[in-house]
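Here's the structure we're looking at; comments come further down.
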Number of protein chains: 2
Amino acid sequence: MAGHGETGAMTPRERYRAQVRAEIKERAWEQIATAGVPALSLNAVAKSMGLSGPALYRYYASRDDLLTELVRDAYASLAATLRAAAATGADLAGLAHALRGWALEDPQRYFLIYGTPVPGYHAPDDTTRIASQIMAMLLDASAALVPEGPPTLFGTHLDEHRDWADGHPAPSAALHRALSFWTRLHGVLSLELAGQFTGMGFDPAQLFAAELRDLLTP
Amino acid sequence: MAGHGETGAMTPRERYRAQVRAEIKERAWEQIATAGVPALSLNAVAKSMGLSGPALYRYYASRDDLLTELVRDAYASLAATLRAAAATGADLAGLAHALRGWALEDPQRYFLIYGTPVPGYHAPDDTTRIASQIMAMLLDASAALVPEGPPTLFGTHLDEHRDWADGHPAPSAALHRALSFWTRLHGVLSLELAGQFTGMGFDPAQLFAAELRDLLTP
DNA sequence: AAGGCTTCGTTAGAAGCTATCACGCAGCTG
DNA sequence: CAGCTGCGTGATAGCTTCTAACGAAGCCTT
């Protein structure tokens, strides 16, 4: 039942195995960060560690398996970042700031979660669990500052489709705000990270800030 | 100086060549649409046409070359769609509708333009020209219905960085609106196309409509 | 109309990748 | 300390992109 990150109470073999698995992920990360996911090569990772190609298959069943693990880690990293921000009393704006910082830290990691989907690929179940944790944090922060107002058309639609909120007591206006928060910030962020604004002259950070302002003061 | 799409005044060789190039792109498109860009294989395309692998290199210098051509076509297709909508008197909402329809028609084509960037890759120059044409249409539509109002913070920032508007006479408020239009709709659309809303129960179209409404009535 | 030149498609091959297998060796474990 | 478990290796199959050399077909000019 060991082998889930805790370094205590492991046999030497398990310790070694965990260490090698971690180093493999680290090297894979570097490759992805510099050349993108399609350039990730198990062979190159192995050679960069002084190993021969097939050796990696002792640690990951396939290239897809390794990638899945990286997706899992990316989700966990984002959730931890947002959780840390929320723990220090950050409101929606604070979460937005944390999100942007996390994304700029490693754009390819962001795209590993929110980028172009591969038609065949299905994310593992636990990532959707983490995703709903992230959503829960967003809902908390949204509910904390949702003002009075007439119910929106989409809000009434959400009233009948709020299963995804997983029993969260937030009013539908907060659900709507959380979704807009997500989609708008992703809109600015993904286009910025993709370099779609390069050469346009303006500062993407200010566009992000403007979108955030518009989101918080309706 | 021939060979740019017009079928008239071509030697038989040029005709044949253009035809084969078109069929290659068509097959490549099918592969991308069903299995994504990483699954695009020149070999498979060749075999599906009854050719042997290396034959394709008479028509495209490399796999990247073919992909670049597809990116070009995707840009041109989007621009044509928006232009057609604008020609029938569509306002910003009409453009949004056209954009969404075009994206849903072939999600991978959308991601080919706005999806995860490959760190090494640089889009050819003419695509940025088409991109600025698209931007010009957006600016036209934005300027057509920009109401009075106090200048936004980001608007004043744009006043000093409006080179990308390419001499368009729209006020900075219209520039701001066009950018928000772009980023917000891309935010909803890309997440929807990526399947990030699947299992959440609500209707992405209604979220799109809500974002559009919010965009048009400030 | 006939020769010559251009272009096309082929096979063969190099280099790279994922992934599997069989083997030997080292080290943990009882 | 003996034995078993797990690790790393090289060999191999099959896939990929892409280059090179060769033969054949067709267009163009004379």
Side-chain angles (χ1 to χ4, degrees), chain A residues 1-3 7-25 27-32 34-71 118-121, chain B residues 1-3 7-25 27-32 34-71 118-121:
Chain A
M1 205 70 88
T7 70
M10 287 170 115
T11 75
R13 282 245 164 100
E14 282 174 335
R15 281 185 82 85
Y16 181 71
R17 185 177 175 78
Q19 196 172 340
V20 173
R21 276 179 71 102
E23 183 171 354
I24 291 174
K25 286 199 288 188
R27 309 273 178 150
W29 254 151
E30 293 167 11
Q31 285 200 10
I32 290 181
T34 63
V37 168
L40 171 62
S41 153
L42 289 195
N43 240 325
V45 168
K47 273 186 230 161
S48 87
M49 297 176 56
L51 291 181
S52 243
L56 286 209
Y57 287 83
R58 296 279 177 194
Y59 300 94
Y60 291 97
S62 71
R63 184 179 178 275
D64 261 25
D65 234 57
L66 172 57
L67 265 174
T68 293
E69 192 76 16
L70 294 182
V71 170
V118 177
Y121 183 78
Chain B
M1 206 68 87
T7 69
M10 287 169 114
T11 74
R13 279 247 166 100
E14 284 174 333
R15 281 186 82 87
Y16 180 71
R17 184 176 176 79
Q19 196 172 340
V20 174
R21 278 178 69 102
E23 184 171 354
I24 291 174
K25 286 199 286 188
R27 308 274 179 146
W29 236 186
E30 293 167 10
Q31 284 199 10
I32 289 180
T34 63
V37 168
L40 171 63
S41 153
L42 288 195
N43 239 327
V45 168
K47 274 187 230 160
S48 87
M49 296 176 58
L51 291 181
S52 243
L56 286 209
Y57 288 82
R58 297 281 177 194
Y59 300 94
Y60 291 97
S62 70
R63 185 179 177 276
D64 260 25
D65 233 57
L66 172 56
L67 266 174
T68 293
E69 192 76 15
L70 295 182
V71 170
V118 177
Y121 184 77

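Proteins come first, then strands; the chains are lettered A, B, ... in the order of their sequence lines, and each starts at number 1. Heavy-atom basis, side chains included; hydrogens, waters and symmetry copies ignored.
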In whole Å, what is the span from the [atom1] atom of [X] to the [atom2] atom of [N]?
X: M10(A); N: dT29(C); atom1: CE; atom2: P; value: 13 Å
X: E14(B); N: dT6(C); atom1: CD; atom2: C1'; value: 13 Å
X: L56(A); N: dC17(C); atom1: CG; atom2: P; value: 12 Å
X: D65(B); N: dT19(D); atom1: CG; atom2: P; value: 11 Å
X: R17(A); N: dC7(D); atom1: CZ; atom2: C1'; value: 10 Å

Partner of Y60(B) by side chain to side chain contact (heavy atoms under 4.5 Å, CB included), out of V45(B), L42(B), L66(B): L66(B)
Heavy-atom side-chain contact between Y121(A) and L67(A) under 4.5 Å: no
Looking at [X] and [Y], would you say the former's side chain and the latter's main chain have a donor-acceptor pair under 3.5 Å?
X: T11(A); Y: E14(A); result: yes
X: R17(A); Y: R58(A); result: yes
X: Q31(B); Y: A28(B); result: no

Atom pair CZ/CG of R27(B) and L56(B) - distance to nearest 0.5 Å: 11.0 Å
Verdict with supporting geometry, S62(B) and Y57(B), side-chain hydrogen bond (donor to acceptor under 3.5 Å, both in side chains): CA-CA 7 Å; S62(B) 70; Y57(B) 288 82; over 6 Å; no
Which atoms of nucleotides 22-26 of chain D (N or O only) lie under 3.5 Å from a protein N or O atom, and what are those distances?
{"unit_1": "dG26(D)", "atom_1": "N3", "unit_2": "R13(B)", "atom_2": "NH2", "d": "3.4"}

Set of side chain to side chain donor-acceptor pair (under 3.5 Å) partners for Q19(A), sequence neighbours left out: none
Every protein N/O within reach of nucleotides 10-18 of chain D N/O, cut-off under 3.5 Å:
{"unit_1": "dG10(D)", "atom_1": "OP2", "unit_2": "S52(A)", "atom_2": "OG", "d": "3.2"}
{"unit_1": "dT16(D)", "atom_1": "OP1", "unit_2": "S41(B)", "atom_2": "OG", "d": "3.4"}
{"unit_1": "dT17(D)", "atom_1": "OP1", "unit_2": "L42(B)", "atom_2": "N", "d": "2.5"}
{"unit_1": "dT17(D)", "atom_1": "OP2", "unit_2": "N43(B)", "atom_2": "N", "d": "3.1"}
{"unit_1": "dC18(D)", "atom_1": "OP2", "unit_2": "Y57(B)", "atom_2": "OH", "d": "3.2"}
{"unit_1": "dC18(D)", "atom_1": "OP2", "unit_2": "R63(B)", "atom_2": "N", "d": "2.6"}

Touch class at under 4.0 angstrom, heavy-atom based, for Y59(A) against every strand present: sugar-phosphate
